Amino acid sequence: MATIHVKRAFKYRFYPTDAQAAELSRTFGCVRKVYNMALQARTEAWTLRRERVNYNAMSAMLTAWKKTEELAYLSEVSSVPLQQALRHLQGAFANFWARRAKYPTFKSRKRSRKSAEYTSSAFRFRDGELTLAKMAEPLAVVWSRQLPEGAAPSTVTVSQDSAGRWFVSLLCEDRPTMPNAPAGSAVGIDAGITALVTLSTGEKVTNPRHERRDRERLARAQRNLARKAPGDGANRAKARFKVGRVYARIADRRRDFLHELTTRLVRDNQVVVIEDLAVRNMLKNRRLARAISDAGWTEMRSMLEYKCEWYGRELVVVDRWFPSSKLCSACGILRSEMPLNVREWTCDCGTTHDRDVNAAKNILAAGLAVTACGDGVRPQRSTPGGQSSVKQEVVPPPRTRAAAQPRG
């Protein structure tokens with residue numbers, strides 16, 4: 001059994017009382033206000049004086065804001081989520097200066113995620129009951145699965161989604177275990193639309209098309225919302241929640257399906273090889289954008305990455321320029337063209353290929369070449385400039401404590 005210590009978030013639904021819901025809603029608003037004010041202050045400091053403002057300076061500003069008459073309401077909620085908002089903004093700027101992300105943007109009351117993060121000094125977790133700061137009663141959490149034995153949450157994040165549902169996420173130290181896969185087991189994965197994934201073993205997993213199943217219901221809810229008068233009226237809020245519930249239903253089904261699929265792939269294989277797809281660029285295709293978004297390729301890759309890290313598997317990412325579909329997996333001959341409407345073809349060597357299965361086999365071969373001796377198994381004739389067609393990106397099995405992951 002492979003065992004490693006990781007930071008893992010366990011997410012549960014809860015049902016707050018009216019007083020708790022009001023307190024949390026105030027906290028969400030204060031977190032958003034502090035984040036936006038700090039972002040504006042940092043932007044002005046850089047634009048006018050070319051000065052970088054760090055977290056300590058922002059914390060001092062927060063203390064001063066609380067003492068003013070117009071912002072005195074910031075003192076009515078727990079100070080910890082406000083401080084955490086400043087830390088999140090500091091992280092966003094660190095990513096921006098390191099060229100890992102775009103410049104931070106302001107949070108919107110309607111569009112941004114409603115959440116607040118509490119550290120250990122702002123909550124109490126005893127005997128299966130969770131009580132947040134400024135609250136007299138514990139939250140009514142639905143414990144749908146057990147926390148790790150002896151778990152002591154380090155942070156608690158409370159959120160509300162677009163459908164009005166309340167969730168609490170507890171970050172704990174865990175030791176996820178999974179039986180060792182057969183020695184030498186490996187699989188290549190070709191992502192698609194009709195078949196969500198095609199494996200090098202020849203198996204095809206049909207795309208459930210979750211969004212298409214609820215497309216009529218979503219259209220009716222959106223038409224109903226469009227007929228409501230603009231503003232903050234109660235009827236418009238109800239219509240907006242109905243749209244949010246449809247979206248939440250679609251996202252929940254998609255996430256559950258991808259969790260089952262990725263867990264099976266990681267459980268059964270020591271090496272998992274995937275293709276580095278430029279999903280953002282592919283979404284510019286108006287004919288396929290809706291189907292690509294519904295497939296959830298980016299979310300699937302993210303799950304494979306952290307699950308391979310958790311369970312000691314190896315993830316290999318093949319470069320997007322690798323000609324997996326045009327290459328014969330039997331003899332290595334490279335075809336000059338392979339239109340998307342060609343789903344089956346016969347090579348000059350006499351081998352008849354299913355397009356997706358052949359691509360998955362080539363992806364697996366390229367990934368194993370990277371893990372064994374570096375790229376060089378296939379002649380790289382299709383890559384511009386003579387570059388290697390296999391991206392040297394390997395996520396090895398962890399030997400030390402793994403990095404924290406945002407989701408369980």
Side-chain angles (χ1 to χ4, degrees), residues 187-216 218-219 250 253-254 257-258 261-262 265 272-301 304 316-369 377-391:
V187 65
I189 302 174
D190 178 65
I193 294 177
T194 303
L196 180 62
V197 295
T198 301
L199 308 183
S200 54
T201 59
E203 178 187 354
K204 290 189 176 184
V205 179
T206 304
N207 186 357
R209 298 182 183 270
H210 300 288
E211 185 270 342
R212 176 179 289 184
R213 292 167 57 184
D214 276 339
R215 188 170 295 178
E216 291 185 7
L218 178 60
I250 295 171
R253 288 206 308 260
R254 181 189 298 120
F257 180 82
L258 291 177
L261 174 61
T262 54
L265 293 173
V272 179
V273 187
I274 60 176
E275 195 172 10
D276 182 30
L277 298 175
V279 178
R280 184 174 298 177
N281 293 336
M282 297 171 72
L283 290 174
K284 296 177 183 178
N285 185 330
R286 295 186 177 182
R287 293 184 177 181
L288 298 177
R290 195 169 194 170
I292 292 173
S293 297
D294 190 29
W297 293 339
T298 301
E299 188 174 9
M300 180 174 64
R301 172 171 173 172
L304 286 173
V316 183
V317 182
V318 175
D319 191 86
R320 67 190 61 166
W321 295 108
F322 181 64
S324 57
S325 298
K326 297 187 290 184
L327 197 64
C328 176
S329 58
C331 67
I333 293 178
L334 180 66
R335 295 190 61 171
S336 58
E337 294 182 357
M338 182 65 64
L340 283 175
N341 62 339
V342 177
R343 309 313 303 174
E344 189 174 287
W345 58 282
T346 302
C347 179
D348 294 339
C349 69
T351 306
T352 300
H353 294 291
D354 178 283
R355 178 193 181 101
D356 298 332
V357 174
N358 177 66
K361 290 180 179 179
N362 286 324
I363 289 171
L364 174 61
L368 294 179
V377 174
R378 302 289 191 199
Q380 316 305 338
R381 288 171 283 184
S382 68
T383 308
Q387 297 293 325
S388 170
S389 69
V390 180
K391 188 175 184 179

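Model, not experiment: these values are computed from the prediction. Because only heavy atoms are used, hydrogens play no part in the values below, and waters and symmetry mates are left out as well, while side chains stay in.
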Does W297 use its side chain to pair, donor to acceptor, with the backbone of G192 at less than 3.5 Å? yes
Applying salt bridge (Lys or Arg N to Asp or Glu O under 4.0 Å), name anything that partners R213, two or more places apart in sequence or on another chain. none
Would you indicate whether the side-chain heavy atoms of V205 and F257 approach each other to under 4.5 Å? yes
Of the non-hydrogen atoms in I193 and A291, which two are nearest, and what is the gap between them? CG2-CB, 3.8 Å
So which atom in N207 and which in A295 form the shortest heavy-atom distance, rounded to 0.1 Å? ND2-CB, 4.3 Å
How far does CZ of R355 sit from NZ of K326, to the nearest 0.5 angstrom? 9.5 Å
Between R254 and G296, what is the shortest heavy-atom contact and its length? CD-CA, 4.2 Å
Might you point out which heavy atoms bring I189 and L199 nearest each other, and give the distance in Å? CG1-CD2, 4.0 Å
Please check if the side chain of N358 supplies one atom and the backbone of L327 the other of a donor-acceptor pair under 3.5 Å. yes
Side chain to side chain donor-acceptor pair (under 3.5 Å): which pairs involve residues 278-291, sequence neighbours left out? E211-R290
Donor + acceptor pair across side chains of N362, S329 (<3.5 Å): no
Beyond-backbone contact of I274 with M300, side-chain heavy atoms, under 4.5 angstrom: no
Over all atoms of both residues, closest heavy-atom pair of A360 and S200: CB-N, 3.5 Å
Determine, for D294 against R209, whether the closest basic-nitrogen to carboxylate-oxygen distance falls under 4.0 angstrom. no
Heavy-atom side-chain contact between K204 and V357 under 4.5 Å: yes
Please report the C-alpha distance between V317 and R301 in whole Å, then the side-chain angles of each, then the deciding distance to 0.1 Å, and finally whether the side-chain contact (heavy atoms from CB on, under 4.5 Å) criterion is met. CA-CA 10 Å; V317 182; R301 172 171 173 172; 3.8 Å; yes
Please answer whether the main-chain N or O of L258 pairs with a side-chain N or O of T262 as donor and acceptor at a distance below 3.5 Å. yes
To the nearest 0.5 Å, atom CG of L283 lies from atom OG1 of T298 at 7.5 Å
Does some side-chain heavy atom of E275 sit less than 4.5 Å from a side-chain heavy atom of S324? yes
Please report the closest heavy-atom contact between I363 and V318, naming both atoms and the distance. O-CG2, 3.7 Å
Could you give the side-chain donor-acceptor pairs of residues 330-345 under 3.5 Å, partners two or more places apart or in another chain?
unit_1: R343; atom_1: NH1; unit_2: L340; atom_2: O; d: 2.8
unit_1: R343; atom_1: NH2; unit_2: D356; atom_2: OD1; d: 3.0
unit_1: R343; atom_1: NH2; unit_2: D356; atom_2: OD2; d: 3.2

